[in-house]
Amino acid sequence: VDNLLMGYVQECRKYSPGEISFMLFARSCHQRGIRGIDLGVELLEWKQRWSNHIDQSIHLEWPLGGLGGKVWSLARKLKKD
């Protein structure tokens, strides 16, 4: 397969069924007084097009094992206090 996008015109992507559906959904939410929509945690390109503000909702850290992990974990606890 040489070109997987041969039946897709990039310039028309803002008129795709998904884009139109989400636009109608967002408009309906706004009309009902809803001023924020949670688009989930994974930052994808389509979400950035619809966002004017992005909050980080998850932050995960795993300490290393052994002495290095214990020192790291202690340093994190001290930093929080």
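On a predicted model such as this, the values are computed, not experimentally measured, just so you know.
- Within the structure, side chain to side chain donor-acceptor pair (under 3.5 Å) pairs that include any residue of residues 28-37 comprise S28-R32 (at least two apart or interchain).
- Take L39 and apply the side-chain contact (heavy atoms from CB on, under 4.5 Å) test, not counting sequence neighbours, and it matches F22, I37, W46, K47, S51.
- Among residues two or more places apart in sequence or in another chain, the side-chain hydrogen bond (donor to acceptor under 3.5 Å, both in side chains) test is passed with E19 by R49, W50.
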